[in-house]
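A short worksheet on the structure shown next.
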Amino acid sequence: MIIRGIARMKIFVGDDDRTDFIDRLSTLLPETGTACYAWALMSNHVHMLLRTGDVPLSTLMARLLTGYAAGFNRRHRRCGHLFQNRYKSIICQEEPYLKELLRYIHLNPLRAGIVPDYGSLGHYPWSGHAAILGNRAVPWQHVGYILALFGSNEQAAGANYREFVSAGVSRGQTGR
């Protein structure tokens, strides 16, 4: 899924904004039974790989985006729309495509030049990549599910995941 700022406007001006968005996710995902496998906060958009649970995706997104936009507008003394159109979502039903989406989402900060290299990406706090590598605790991210796609024991799965994502660096542009 992708959420974009209206007219390519920044939806995250600083870490207070990013923290607010993540705090909202940490409440809403468990409440709605939605699993999050991958995510990356960029300056003017967000990527998330989610599996819906007990509550429809539209309900989760309405609560998340309405609450976040209201808080953003208050913090930055502005009014009006923050997001461009409705969020975009696609259905992912096959494991190879799931892995490619995972890699695409987690490499976004590197490809956009937000982090300087692949090593730094593993410590970038605004993406789920660091959680899968075990460098950051993100309780609402379903790390175990993702690691199980890459191996039967945690250590081997982590190494296989790291290698898989790293192999994607050469597949795309890594700077602006």
Side-chain angles (χ1 to χ4, degrees), residues 1-29 34-50 57-58 60-90 92 98-133 135-143 146 161-162 164-166 168-176:
M1 145 176 347
I2 188 166
I3 308 155
R4 291 195 181 279
I6 195 164
R8 299 186 186 267
M9 181 182 122
K10 286 185 177 185
I11 57 174
F12 303 110
V13 176
D15 286 350
D16 287 349
D17 295 328
R18 292 176 189 88
T19 299
D20 179 41
F21 192 87
I22 294 302
D23 287 349
R24 291 173 189 282
L25 275 178
S26 70
T27 299
L28 291 170
L29 292 174
T34 304
C36 179
Y37 301 132
W39 57 280
L41 307 186
M42 309 300 284
S43 62
N44 68 351
H45 66 283
V46 175
H47 291 278
M48 291 188 290
L49 180 55
L50 305 174
L57 184 61
S58 58
L60 165 70
M61 296 309 293
R63 289 178 62 194
L64 173 65
L65 300 181
T66 301
Y68 178 75
F72 182 93
N73 284 346
R74 266 191 315 275
R75 272 190 307 281
H76 300 288
R77 294 187 174 101
R78 68 177 296 275
C79 60
H81 296 283
L82 179 61
F83 299 106
Q84 177 178 305
N85 303 322
R86 185 177 184 260
Y87 62 91
K88 288 184 187 178
S89 63
I90 56 171
C92 172
L98 175 76
K99 286 181 174 180
E100 287 300 328
L101 276 174
L102 180 74
R103 175 164 51 195
Y104 172 81
I105 290 169
H106 285 160
L107 285 175
N108 246 254
L110 177 63
R111 289 182 173 147
I114 294 171
V115 297
D117 53 47
Y118 182 72
S120 300
L121 182 63
H123 299 281
Y124 179 64
W126 309 115
S127 154
H129 181 66
I132 294 173
L133 293 179
N135 296 335
R136 184 163 194 256
V138 181
W140 46 266
Q141 185 175 347
H142 289 241
V143 171
I146 294 304
Y161 166 80
R162 192 176 303 103
F164 177 77
V165 176
S166 177
V169 172
S170 63
R171 291 182 173 193
Q173 195 173 8
T174 58
R176 287 183 187 245

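Between Tyr161 and His129, the ring centre distance stays below 6.0 Å.
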Can Val143 and Val138 be said to form a side-chain contact (heavy atoms from CB on, under 4.5 Å), step by step?
CA-CA 9 Å; Val143 171; Val138 181; over 6 Å; no

Chi angles and distances behind the ring-ring contact (aromatic ring centres under 6.0 Å, His included) call for Phe12, Tyr68
CA-CA 10 Å; Phe12 303 110; Tyr68 178 75; 5.6 Å; yes

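In this structure, OG in Ser43 is found 11.0 Å from CZ in Arg8, a value given to the nearest 0.5 Å. Within the model, atoms CG of Asn73 and NE2 of His81 stand 10.0 Å from one another, a figure rounded to the nearest 0.5 Å. How far CZ of Arg111 is from OH of Tyr104: 8.0 Å, rounded to the nearest 0.5 Å. Rounded to the nearest 0.5 Å, atoms NE2 (His106) and CD1 (Ile132) are 4.5 Å apart. To the nearest 0.5 Å, atom CG of residue Leu110 and atom OG of residue Ser127 are 10.5 Å apart. Interatomic distance, CG of Leu49 versus CD1 of Ile105, reported as 5.0 Å (0.5 Å rounding).
Counting only N and O atoms by type, the side chains of Asp117 and Ser120 include a donor and acceptor under 3.5 Å apart.
In Tyr118, the OH atom is crowded: over 12 heavy atoms of neighbouring residues, nucleotides or ligands sit closer than 6.0 Å. The environment of NE2 in His76 is crowded: more than 12 heavy-atom neighbours from other residues, nucleotides or ligands sit within 6.0 Å.
Side-chain N or O atoms of Arg18 include none that pairs as donor or acceptor with a backbone N or O of Leu41 at under 3.5 Å. Without hydrogens or angle criteria, Arg75 side chain to Arg78 main chain gives no donor-acceptor distance under 3.5 Å. Judged by distance alone, the side chain of Asn44 and the main-chain N or O of Met9 form no donor-acceptor pair under 3.5 Å. The backbone N or O of Gly67 lies less than 3.5 Å from a partner atom in the side chain of Arg24, making a donor-acceptor pair. Although no hydrogens or angles enter the test, the distance criterion places a donor-acceptor pair under 3.5 Å between the side chain of Gln141 and the main chain of Gly128. Distance alone, capped at 3.5 Å, places no donor-acceptor pair between the Asn108 side chain and the Met42 backbone. In this structure, Ser26 contributes its side chain and Asp23 its backbone to a donor-acceptor pair below 3.5 Å.
With a 4.5 Å cut-off on side-chain heavy atoms, Val165 and Leu102 do not count as touching. Considering only heavy atoms from C-beta on, Asn85 stays 4.5 Å or farther from Ile6 through its side chain. Inter-residue side-chain proximity for Leu65 and Ile3 is flagged as met; some heavy-atom pair is nearer than 4.5 Å. Contact of the Trp126 side chain with the Pro109 side chain is not registered, since no non-hydrogen atoms from C-beta on lie closer than 4.5 Å. Counting heavy atoms from C-beta on, the side chains of Ile22 and Trp39 come closer than 4.5 Å. When side chains are defined from C-beta on, Ser58 counts as touching Tyr87, because their heavy atoms get closer than 4.5 Å. No side-chain heavy atom of Leu98 sits less than 4.5 Å from a side-chain heavy atom of Leu101. A heavy-atom distance below 4.5 Å is not found between the side chains of Leu28 and Trp140.
Judged by a 6.0 Å distance limit and a 45° cone about the ring axis, Arg103 is positioned over the six-membered ring of Phe164.
Among residues at least two apart or in separate chains, salt bridge (charged side-chain N to carboxylate O under 4.0 Å, His left out) pairs with a member in residues 60-73 are Glu31-Arg63.
Salt bridge status for Asp17 with Lys10: absent, with no side-chain N to carboxylate O gap under 4.0 Å.
Applying the side chain to side chain contact (heavy atoms under 4.5 Å, CB included) rule to Ala70 yields the partners Arg74; only residues at least two apart in sequence or on another chain are considered.
Ring geometry for His47 against His45 counts as perpendicular: the plane angle is over 60°, on a 0 to 90° scale with 30° as the lower cut.
Scanning both residues, Leu64 and Leu25, for their nearest heavy atoms gives CD2-CD2, 3.9 Å.
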